[in-house]
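Contents: one structure, followed by commentary.
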Amino acid sequence: MLPWGRALRAAGLLRSAGAAAAAQCGAARRERCGPGPGKRRGTKLPAGPDLRHFLRGAAKREPPPEPEPGPVPSSGRVYLETYGCQMNVNDTEIAWAILQKSGYTRTKQLDEADVILLVTCSIREKAEQAIWNRLRHLSALKARRQQQAGSPLRIGILGCMAERLKEEILHREKLVDIVAGPDAYRDLPRLLAVAESGQQAANVLLSLDETYADILPVQTSAGGTTAFVSIMRGCDNMCSYCIVPFTRGRERSRPIASILQEVRMLSDQVLQLIQERHNICKQLHLPAQSGSTRVLEAMRRGYTREAYLELVHHVRDSIPGVSLSSDFIAGFCGETEEDHQQTVSLLQDVRYNVGFLFAYSMREKTRAFHRLQDDVPAEVKQRRLQELITVFREEAARANEAMVGQCQLVLVEGPSKRSALELCGRNDGNIKVIFPDAEVEDAAGCQAPARAQPGDYVLVKVTSASSQTLRGVPLRRTTLSRSAAGH
């Protein structure tokens, strides 16, 4: 969490208290001035709640309601597709953990599935359009299945798009059987059981408390050597362009014990990490969104360009060699050419290793939708986006080229997607490194030369670089502890 995020939440709490105080003042003013036309004077109103009332209320939240009782679902084969951010990957793992306990099995073959669930993204219009297109394809598959084999196929939408467009999804072309929002995954078995009877079923209630703390996500990528651990859900920042608070609800954190339990479980699957402690990747994601203070204010980001750059300098002073990634939006409401050029210069000044850049897409329910105008023409957005992408790639290439000739410790992930003769892994800055799949010696000298396997650490000498990837030659297999000791 960036430092100014806390300030924003504190300001929100003070605004709540201020609203209560305003209500009290209003009641007192009405008492002094007398009732309005046609109204009778009543007894004096009691004092309204103060800040302590809100704090007590927050501490005494009721637990989330249990899912409604319903028919018991029959077991079946589930096919899961994930769209969007890493949080959706985590949601997929949570949903699968729940379904697995209810007797469902997993299939990676679409034609074998009894249930197809799409974990969806709603952050941009393009992401939603991809889901609509996919649903039409799956609906055709469902009709063929029913006609040829007489066996039902149930289709469900999960996640952010389910929350944002629940009514439209249920009624538009009758494409789905179930709709479940991000806080309703515990209810999936019941929803699927209802759908078996031929009815549509939905649960899109958002919760102030649901974190799925008692559910250990089942990793969907077998044999993976890395994993993400979610420590919170929802968001309170209310950036003016962002739909997340409306699709994922208020910000709430998982209990520490739950987080530690998941980390221990993951650690037990890559065994040597239990003894070795040099396993924190030197990579931070610092989403900027824009390089213009004026645009940042319109976005309600809560910081200025100067404050952001100060944070970047502090991070780099504290963590030498840190790798930085960021998000940027091109063509936000009211963005001028001068604003755009300030974003270009921020990319040049910071020199990010990884970037996620998109043209602005206005979303319903957001503050921008109600208060601002999407006044940057589509062709201008695309032109600015391409300029940002070009500058990012140029600067990322320069940053990566500085590592040519250096030796990098690489965590092997598996074969390269482009060549079976090469391996792919990531260095300490989370940058992809490609190197030949050849026999290499062990650093300790106690094992015969062998090919590196997923989960191994290999010292690689970098020979070339692009904006996305480093290439090199493997020198030897090693471990985190030996590498940290300089061996």
Say you draw a straight line from CD1 of Ile116 to OH of Tyr79; how long is it, rounded to the nearest 0.5 Å?
8.0 Å
Hey, is Asp339 close enough to Arg294 for a salt bridge, meaning N to O under 4.0 Å?
yes
The reported gap from CZ in Phe332 to CG in Leu296 (rounded to nearest 0.5 angstrom) is 10.0 Å
Assess the side chains of Gln283 and Ser325: does a donor N or O sit below 3.5 Å from an acceptor N or O?
yes
Between Leu153 and Ala113 the two heavy atoms that sit nearest each other are CD1-O, 3.4 Å
Spacing of Arg426 atom CZ and Glu413 atom CD [to the nearest 0.5 Å]:
5.0 Å
Salt-bridge test for Asp183 and Arg250: reply yes if a basic N is under 4.0 Å from a carboxylate O, no otherwise.
no
Might you point out which heavy atoms bring Pro245 and Cys235 nearest each other, and give the distance in Å?
CB-O, 3.6 Å
Can you confirm whether more than 12 heavy atoms, excluding those of Gln147, are under 6.0 Å from its CD atom?
no
If you take all heavy atoms of Gly159 and Thr120, which pair is closest and at what distance?
C-OG1, 4.0 Å
State, yes or no, whether a side-chain contact exists between Ser139 and His137 at a heavy-atom distance under 4.5 Å.
no
So, do Thr469 and Val433 sit near enough that their side-chain heavy atoms are less than 4.5 Å apart?
no
Decide yes or no on side chain to side chain contact (heavy atoms under 4.5 Å, CB included) for Leu205 and Asn203, but give the supporting numbers first.
CA-CA 6 Å; Leu205 293 176; Asn203 185 342; 3.7 Å; yes
Output, in order, the C-alpha distance, side-chain angles, deciding distance and verdict of side chain to side chain contact (heavy atoms under 4.5 Å, CB included) for Thr105 and Val78.
CA-CA 6 Å; Thr105 58; Val78 179; over 6 Å; no
Is the shortest distance from a Lys or Arg side-chain nitrogen in Arg154 or Asp177 to a carboxylate oxygen in the other one below 4.0 Å?
no
Using the salt bridge (charged side-chain N to carboxylate O under 4.0 Å, His left out) criterion, which residues pair with Glu297? Sequence neighbours excluded.
none
Considering only heavy atoms from C-beta outward, does the side chain of Arg77 approach that of Gln109 to under 4.5 Å?
no
By salt bridge (charged side-chain N to carboxylate O under 4.0 Å, His left out) - contacts of Arg316 (at least two apart)
none
Show me the pairs that pass side chain to side chain donor-acceptor pair (under 3.5 Å) and involve residues 360-374, at least two apart or across chains.
Glu128-Arg363, Asp374-Lys381
Student check: side-chain heavy atoms of Leu346 and Leu309 closer than 4.5 Å:
yes
Between Ser197 and Gln199, does any side-chain donor sit less than 3.5 Å from a side-chain acceptor?
yes
Would you find more than 12 non-hydrogen atoms of other residues, nucleotides or ligands less than 6.0 Å from Glu125 atom CD?
no
State which residues pass salt bridge (charged side-chain N to carboxylate O under 4.0 Å, His left out) with Lys432; sequence neighbours excluded, sorted by chain then number.
none
Heavy-atom pair of closest approach, residues Met161 and Ile169
O-CD1, 3.4 Å
Would you call Met299 and Ile329 a side-chain contact if the rule is heavy atoms closer than 4.5 Å?
yes
Quick one: do Leu138 and Leu118 satisfy side chain to side chain contact (heavy atoms under 4.5 Å, CB included)? Show the steps, please.
CA-CA 11 Å; Leu138 295 177; Leu118 308 185; 4.0 Å; yes
What distance do Leu311 atom CG and Glu306 atom CD have between them, rounded to the nearest 0.5 Å?
13.5 Å
Taking only Lys NZ, Arg NE, NH1 and NH2, and the carboxylate oxygens of Asp or Glu, determine whether Arg145 and Asp111 approach each other closer than 4.0 Å.
no
Identify whether the distance between the nearest side-chain nitrogen and carboxylate oxygen of Glu387 and Arg383 falls below 4.0 Å.
yes
Just do the side chain to side chain contact (heavy atoms under 4.5 Å, CB included) check on His340 and Leu388 with the steps written out, would you?
CA-CA 9 Å; His340 169 64; Leu388 295 180; 3.8 Å; yes
Could you check whether any side-chain heavy atom of Tyr352 comes within less than 4.5 Å of a side-chain heavy atom of Glu395, counting everything from C-beta outward?
no
Interatomic spacing from OH in Tyr83 to CD1 in Ile131 - rounded to 0.5 Å:
4.5 Å
Going by the rule ring pair (Phe, Tyr, Trp, His ring centres under 6.0 Å), which residues pair with Phe392 if we only count those two or more places apart in sequence or in a different chain?
none
Go through the structure and list residues passing salt bridge (charged side-chain N to carboxylate O under 4.0 Å, His left out) with Asp91, not counting sequence neighbours.
Arg233, Arg248
Nearest 0.5 Å, what's the CD-CG distance between Gln289 and Leu357?
9.5 Å
